[in-house]
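The figures here come from the full heavy-atom set of this structure, side chains too, leaving out hydrogens, waters and symmetry mates. Quick note on labels: first sequence line is chain A, next is B, and so on, each numbered from 1.
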Protein chains: 2
Amino acid sequence: MSDTVRCGPYVCGIDAALDVVSGKWKGLILWELVEHGTLRFAQLRRGLPGVSEKMLTQHLREMEQDGLVRRQVYAEVPPRVEYSLTEAGAALSAALEPLGDWGRERILREEIALVDHADASRMPRP
Amino acid sequence: MSDTVRCGPYVCGIDAALDVVSGKWKGLILWELVEHGTLRFAQLRRGLPGVSEKMLTQHLREMEQDGLVRRQVYAEVPPRVEYSLTEAGAALSAALEPLGDWGRERILREEIALVDHADASRMPRP
DNA sequence: CTGTATCCACAAGGATACTG
DNA sequence: CAGTATCCTTGTGGATACAG
(Lines give C-alpha, C1' and ligand atoms only; values in the text may rest on other atoms or scores of the structure.)
Protein backbone atom coordinates (compact mmCIF):
# COMPACT_ATOMS: atom_id res chain seq x y z
CA MET A 1 0.00 0.00 0.00
CA SER A 2 3.07 2.18 0.42
CA ASP A 3 2.68 4.96 2.91
CA THR A 4 -0.19 7.38 2.71
CA VAL A 5 1.59 10.00 4.76
CA ARG A 6 -0.86 11.85 6.92
CA CYS A 7 0.45 15.39 6.80
CA GLY A 8 0.78 18.25 9.18
CA PRO A 9 1.52 20.82 10.25
CA TYR A 10 -1.98 21.51 11.41
CA VAL A 11 -3.17 25.03 11.90
CA CYS A 12 -5.70 24.01 14.51
CA GLY A 13 -7.11 20.94 16.17
CA ILE A 14 -10.07 20.78 13.80
CA ASP A 15 -7.67 20.08 10.99
CA ALA A 16 -5.92 17.32 12.82
CA ALA A 17 -9.22 15.69 13.69
CA LEU A 18 -10.87 16.06 10.30
CA ASP A 19 -7.78 14.65 8.66
CA VAL A 20 -8.33 11.46 10.60
CA VAL A 21 -12.06 11.03 9.99
CA SER A 22 -12.10 12.11 6.37
CA GLY A 23 -12.62 9.13 4.18
CA LYS A 24 -15.81 7.78 2.81
CA TRP A 25 -16.38 5.14 5.49
CA LYS A 26 -14.43 6.23 8.53
CA GLY A 27 -17.37 7.87 10.25
CA LEU A 28 -19.43 4.72 9.84
CA ILE A 29 -16.61 2.44 10.93
CA LEU A 30 -16.26 4.44 14.11
CA TRP A 31 -19.98 4.26 14.63
CA GLU A 32 -20.15 0.52 14.10
CA LEU A 33 -17.34 -0.09 16.55
CA VAL A 34 -18.90 2.16 19.14
CA GLU A 35 -22.21 0.34 18.82
CA HIS A 36 -20.91 -3.22 18.77
CA GLY A 37 -17.64 -2.91 20.64
CA THR A 38 -15.68 -5.57 18.80
CA LEU A 39 -16.24 -6.76 15.26
CA ARG A 40 -14.63 -9.12 12.81
CA PHE A 41 -13.76 -8.05 9.29
CA ALA A 42 -16.82 -9.64 7.71
CA GLN A 43 -19.17 -8.24 10.35
CA LEU A 44 -17.83 -4.76 9.76
CA ARG A 45 -18.25 -5.33 6.06
CA ARG A 46 -21.90 -6.25 6.48
CA GLY A 47 -22.47 -3.13 8.56
CA LEU A 48 -21.17 -0.93 5.74
CA PRO A 49 -23.35 -1.78 2.75
CA GLY A 50 -21.54 -1.00 -0.46
CA VAL A 51 -18.00 -0.88 0.84
CA SER A 52 -15.42 -2.83 -1.12
CA GLU A 53 -12.91 -5.10 0.58
CA LYS A 54 -10.13 -2.88 -0.58
CA MET A 55 -11.59 0.28 0.88
CA LEU A 56 -12.45 -1.37 4.16
CA THR A 57 -8.93 -2.75 4.54
CA GLN A 58 -7.40 0.55 3.54
CA HIS A 59 -9.47 2.60 5.96
CA LEU A 60 -8.91 0.15 8.79
CA ARG A 61 -5.15 0.24 8.23
CA GLU A 62 -5.11 4.00 8.27
CA MET A 63 -7.21 4.16 11.40
CA GLU A 64 -4.89 1.62 12.99
CA GLN A 65 -1.89 3.77 12.10
CA ASP A 66 -3.66 6.78 13.52
CA GLY A 67 -4.15 4.92 16.76
CA LEU A 68 -7.94 4.83 16.58
CA VAL A 69 -8.46 1.14 16.03
CA ARG A 70 -6.96 -1.95 17.61
CA ARG A 71 -6.41 -4.96 15.38
CA GLN A 72 -6.33 -8.33 17.10
CA VAL A 73 -5.15 -11.21 14.93
CA TYR A 74 -5.78 -14.78 16.02
CA ALA A 75 -3.42 -17.39 14.57
CA GLU A 76 -6.17 -19.83 13.68
CA VAL A 77 -7.54 -21.66 10.68
CA PRO A 78 -9.75 -20.24 9.35
CA PRO A 79 -8.18 -16.88 10.22
CA ARG A 80 -9.93 -14.53 12.59
CA VAL A 81 -9.27 -10.82 13.06
CA GLU A 82 -11.10 -8.59 15.48
CA TYR A 83 -11.31 -4.84 15.42
CA SER A 84 -12.11 -2.57 18.31
CA LEU A 85 -11.58 1.03 19.33
CA THR A 86 -8.55 2.21 21.24
CA GLU A 87 -8.94 4.81 23.97
CA ALA A 88 -8.15 7.53 21.48
CA GLY A 89 -10.74 6.09 19.11
CA ALA A 90 -13.36 6.03 21.81
CA ALA A 91 -12.50 9.60 22.78
CA LEU A 92 -12.82 10.63 19.16
CA SER A 93 -16.23 9.02 18.92
CA ALA A 94 -17.32 10.90 21.99
CA ALA A 95 -16.01 14.14 20.51
CA LEU A 96 -17.98 13.36 17.38
CA GLU A 97 -21.32 13.17 19.14
CA PRO A 98 -22.25 16.87 19.06
CA LEU A 99 -21.40 16.77 15.39
CA GLY A 100 -23.73 13.84 14.95
CA ASP A 101 -26.53 15.75 16.64
CA TRP A 102 -25.95 18.68 14.33
CA GLY A 103 -26.00 16.33 11.37
CA ARG A 104 -29.33 14.83 12.37
CA GLU A 105 -30.83 18.29 12.58
CA ARG A 106 -29.38 19.05 9.20
CA ILE A 107 -31.07 16.00 7.74
CA LEU A 108 -34.40 17.20 9.08
CA ARG A 109 -33.87 20.67 7.63
CA GLU A 110 -32.94 19.16 4.28
CA GLU A 111 -36.06 17.05 4.09
CA ILE A 112 -38.24 20.03 4.84
CA ALA A 113 -36.44 22.00 2.18
CA LEU A 114 -36.85 19.17 -0.31
CA VAL A 115 -40.56 18.96 0.32
CA ASP A 116 -40.88 22.72 0.03
CA HIS A 117 -39.17 22.77 -3.32
CA ALA A 118 -41.01 19.85 -4.85
CA ASP A 119 -44.63 20.33 -3.85
CA ALA A 120 -45.85 21.72 -0.59
CA SER A 121 -48.90 19.44 -0.50
CA ARG A 122 -48.39 15.75 0.23
CA MET A 123 -45.40 13.63 -0.59
CA PRO A 124 -45.28 9.96 0.34
CA ARG A 125 -41.82 9.28 1.73
CA PRO A 126 -40.91 5.61 1.15
CA MET B 1 -18.99 24.65 -11.71
CA SER B 2 -22.14 22.69 -12.53
CA ASP B 3 -23.86 21.18 -9.55
CA THR B 4 -21.85 19.27 -7.04
CA VAL B 5 -24.84 17.40 -5.71
CA ARG B 6 -24.37 16.74 -2.01
CA CYS B 7 -25.77 13.27 -1.64
CA GLY B 8 -27.72 11.40 0.93
CA PRO B 9 -29.26 9.31 2.17
CA TYR B 10 -27.20 9.49 5.29
CA VAL B 11 -26.94 6.53 7.58
CA CYS B 12 -26.31 8.69 10.60
CA GLY B 13 -25.80 12.30 11.58
CA ILE B 14 -22.02 11.97 11.54
CA ASP B 15 -22.19 11.36 7.82
CA ALA B 16 -24.35 14.36 7.16
CA ALA B 17 -22.02 16.56 9.16
CA LEU B 18 -18.75 15.23 7.81
CA ASP B 19 -20.08 15.63 4.31
CA VAL B 20 -20.41 19.33 4.92
CA VAL B 21 -17.02 19.94 6.54
CA SER B 22 -14.96 17.69 4.29
CA GLY B 23 -12.89 19.76 1.96
CA LYS B 24 -9.38 20.95 2.37
CA TRP B 25 -10.22 24.38 3.74
CA LYS B 26 -13.68 24.21 5.18
CA GLY B 27 -12.56 23.65 8.73
CA LEU B 28 -10.31 26.69 8.54
CA ILE B 29 -12.95 28.84 6.87
CA LEU B 30 -15.35 28.06 9.67
CA TRP B 31 -12.65 28.85 12.20
CA GLU B 32 -11.79 32.18 10.58
CA LEU B 33 -15.41 33.25 10.48
CA VAL B 34 -15.97 32.26 14.08
CA GLU B 35 -12.94 34.26 15.16
CA HIS B 36 -13.55 37.38 13.11
CA GLY B 37 -17.30 37.34 12.64
CA THR B 38 -17.45 38.90 9.21
CA LEU B 39 -14.76 38.86 6.57
CA ARG B 40 -14.32 39.98 3.00
CA PHE B 41 -13.05 37.67 0.31
CA ALA B 42 -9.50 38.97 0.41
CA GLN B 43 -9.35 38.90 4.19
CA LEU B 44 -10.47 35.30 4.20
CA ARG B 45 -7.86 34.59 1.57
CA ARG B 46 -5.13 36.06 3.71
CA GLY B 47 -6.25 33.95 6.64
CA LEU B 48 -5.84 30.75 4.60
CA PRO B 49 -2.24 30.78 3.41
CA GLY B 50 -1.88 28.73 0.28
CA VAL B 51 -5.48 28.62 -0.81
CA SER B 52 -6.18 29.44 -4.44
CA GLU B 53 -8.94 31.80 -5.50
CA LYS B 54 -10.73 28.98 -7.19
CA MET B 55 -10.76 26.73 -4.15
CA LEU B 56 -11.83 29.51 -1.83
CA THR B 57 -14.71 30.46 -4.11
CA GLN B 58 -15.70 26.86 -4.57
CA HIS B 59 -15.72 26.07 -0.89
CA LEU B 60 -17.57 29.25 -0.04
CA ARG B 61 -20.24 28.47 -2.62
CA GLU B 62 -20.72 24.99 -1.28
CA MET B 63 -20.93 26.22 2.26
CA GLU B 64 -23.43 28.82 1.16
CA GLN B 65 -25.54 26.15 -0.51
CA ASP B 66 -25.31 24.08 2.64
CA GLY B 67 -26.63 27.00 4.62
CA LEU B 68 -23.50 27.51 6.70
CA VAL B 69 -22.34 30.80 5.29
CA ARG B 70 -24.11 34.04 4.46
CA ARG B 71 -22.89 35.98 1.44
CA GLN B 72 -23.57 39.70 1.44
CA VAL B 73 -22.88 41.45 -1.84
CA TYR B 74 -22.60 45.23 -1.98
CA ALA B 75 -23.28 46.82 -5.33
CA GLU B 76 -20.29 49.10 -5.24
CA VAL B 77 -17.21 49.89 -7.23
CA PRO B 78 -14.82 48.40 -6.41
CA PRO B 79 -16.99 45.40 -5.49
CA ARG B 80 -17.29 44.28 -1.92
CA VAL B 81 -18.52 40.95 -0.61
CA GLU B 82 -18.78 39.98 3.01
CA TYR B 83 -19.01 36.51 4.43
CA SER B 84 -20.36 35.50 7.80
CA LEU B 85 -21.78 32.44 9.50
CA THR B 86 -25.46 31.65 9.52
CA GLU B 87 -27.05 30.23 12.65
CA ALA B 88 -26.53 26.74 11.33
CA GLY B 89 -22.91 27.57 10.62
CA ALA B 90 -22.39 28.88 14.12
CA ALA B 91 -24.06 25.80 15.56
CA LEU B 92 -21.79 23.63 13.47
CA SER B 93 -18.74 25.45 14.74
CA ALA B 94 -19.89 24.90 18.29
CA ALA B 95 -20.44 21.21 17.57
CA LEU B 96 -16.93 21.09 16.17
CA GLU B 97 -15.27 22.27 19.36
CA PRO B 98 -14.93 18.93 21.13
CA LEU B 99 -13.42 17.63 17.93
CA GLY B 100 -10.95 20.48 17.95
CA ASP B 101 -9.95 19.62 21.51
CA TRP B 102 -9.40 16.02 20.52
CA GLY B 103 -7.33 17.15 17.56
CA ARG B 104 -5.08 19.30 19.70
CA GLU B 105 -4.41 16.35 21.97
CA ARG B 106 -3.68 14.27 18.93
CA ILE B 107 -1.10 16.79 17.76
CA LEU B 108 0.64 16.53 21.12
CA ARG B 109 0.63 12.74 20.96
CA GLU B 110 2.02 12.86 17.42
CA GLU B 111 4.92 15.07 18.35
CA ILE B 112 5.86 12.83 21.21
CA ALA B 113 5.68 9.84 18.91
CA LEU B 114 7.80 11.62 16.32
CA VAL B 115 10.50 12.42 18.83
CA ASP B 116 10.43 8.84 20.09
CA HIS B 117 10.93 7.44 16.64
CA ALA B 118 13.65 9.79 15.51
CA ASP B 119 16.03 10.02 18.43
CA ALA B 120 15.03 10.02 22.04
CA SER B 121 17.74 12.52 23.00
CA ARG B 122 17.37 16.14 21.93
CA MET B 123 15.69 17.45 18.82
CA PRO B 124 15.49 21.15 18.09
CA ARG B 125 11.99 21.85 16.77
CA PRO B 126 12.16 24.84 14.37
C1' DC C 1 -11.60 43.67 -5.69
C1' DT C 2 -14.03 39.51 -6.50
C1' DG C 3 -14.37 36.47 -8.87
C1' DT C 4 -14.80 32.81 -13.81
C1' DA C 5 -12.69 29.76 -17.20
C1' DT C 6 -9.42 26.30 -18.55
C1' DC C 7 -6.45 22.91 -18.24
C1' DC C 8 -3.85 19.59 -15.61
C1' DA C 9 -1.91 16.35 -11.94
C1' DC C 10 -2.69 13.35 -8.60
C1' DA C 11 -5.09 10.90 -5.10
C1' DA C 12 -9.29 8.68 -3.66
C1' DG C 13 -12.37 5.39 -4.62
C1' DG C 14 -14.32 1.20 -7.14
C1' DA C 15 -14.44 -3.60 -9.79
C1' DT C 16 -12.59 -7.74 -10.28
C1' DA C 17 -9.60 -11.56 -9.72
C1' DC C 18 -6.61 -14.05 -6.97
C1' DT C 19 -4.02 -15.92 -2.38
C1' DG C 20 -2.44 -17.73 2.46
C1' DC D 1 -12.01 -15.83 6.34
C1' DA D 2 -9.37 -12.00 5.56
C1' DG D 3 -7.20 -10.04 2.95
C1' DT D 4 -3.60 -8.50 -1.83
C1' DA D 5 -2.94 -7.15 -6.50
C1' DT D 6 -4.30 -4.93 -10.45
C1' DC D 7 -6.46 -1.87 -13.34
C1' DC D 8 -9.55 1.78 -14.16
C1' DT D 9 -12.73 5.87 -13.36
C1' DT D 10 -13.75 9.86 -10.96
C1' DG D 11 -13.19 13.68 -7.96
C1' DT D 12 -10.47 17.07 -5.70
C1' DG D 13 -7.37 20.43 -5.67
C1' DG D 14 -3.85 23.57 -8.01
C1' DA D 15 -1.82 27.07 -11.73
C1' DT D 16 -2.68 30.37 -14.70
C1' DA D 17 -5.08 33.64 -17.37
C1' DC D 18 -8.71 36.57 -17.90
C1' DA D 19 -13.29 39.36 -16.83
C1' DG D 20 -16.98 42.51 -14.56
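A:Ser93 places no side-chain N or O within donor-acceptor distance of the main-chain N or O of A:Val34, the cut-off being under 3.5 Å.
A:Trp25 has no side-chain polar atom (N or O) that falls below the 4.0 Å cut-off from OP1 or OP2 of C:dA12. Of the side-chain N and O atoms in A:Arg61, one or more sit less than 4.0 angstrom from OP1 or OP2 of D:dT4. A close approach under 4.0 Å does not occur between any side-chain nitrogen or oxygen of A:Arg45 and OP1 or OP2 of D:dG3. Listed pair B:His59 / D:dG13 meets the phosphate criterion, a side-chain N or O lying under 4.0 Å from OP1 or OP2.
Counting non-hydrogen atoms under 4.0 angstrom, A:Arg71 reaches the backbone sugars and phosphates but no base. At the heavy-atom level, B:Tyr83 lies under 4.0 Å from the strands shown only through sugar-phosphate atoms. Counting non-hydrogen atoms under 4.0 angstrom, B:Arg40 reaches the backbone sugars and phosphates but no base.
When rounded to the nearest whole Å, the span between CD of B:Gln72 and C1' of C:dG3 equals 17 Å. For A:Met63 and C:dA12, the CE to C1' distance is 16 Å, given to the nearest whole Å. If you take CE of B:Met55 and P of C:dA9, they are 18 Å apart, rounded to a whole angstrom. Following rounding to the nearest Å, A:Leu48 (CG) and C:dG13 (P) show an atom-to-atom distance of 13 Å. In this entry the distance linking CD of B:Glu53 with P of C:dT6 reads 16 Å, nearest Å. Here the P atom of nucleotide C:dA12 and the CD atom of A:Gln58 are 8 Å apart, to the nearest Å. The separation between A:Leu44 atom CG and D:dC1 atom C1' is 14 Å, rounded to whole Å. As a whole-Å value, the separation of A:Leu56 CG from C:dG14 C1' is 14 Å.
One finds no salt bridge joining B:Arg70 and B:Glu64 here, because no Lys/Arg side-chain nitrogen approaches an Asp/Glu carboxylate oxygen to under 4.0 Å.
Residues B:Ser84 and B:Val69 have side chains not in contact (no heavy-atom distance under 4.5 Å, counting atoms from C-beta outward).
Note that the CG atom of B:Leu48 and the CG atom of B:Leu44 stand 6.0 Å from one another [nearest 0.5 Å].
For the side chain to side chain contact (heavy atoms under 4.5 Å, CB included) test with B:Glu82, the passing option among B:Gln43, B:Arg40, B:Arg71 is B:Arg40; the others fail.
Taking 3.5 Å as the limit, the base of C:dG13 and the side chain of A:Lys24 contain no donor-acceptor pair of atoms between them.
Here the side chain of B:Lys54 is nearest to one of C:dG3, D:dG3, C:dT6, namely C:dT6.
Residues A:Val51 and A:Pro79 both approach DNA chain C. Their nearest nucleotides, taken by heavy-atom distance, put A:Val51 toward the 5′ side.
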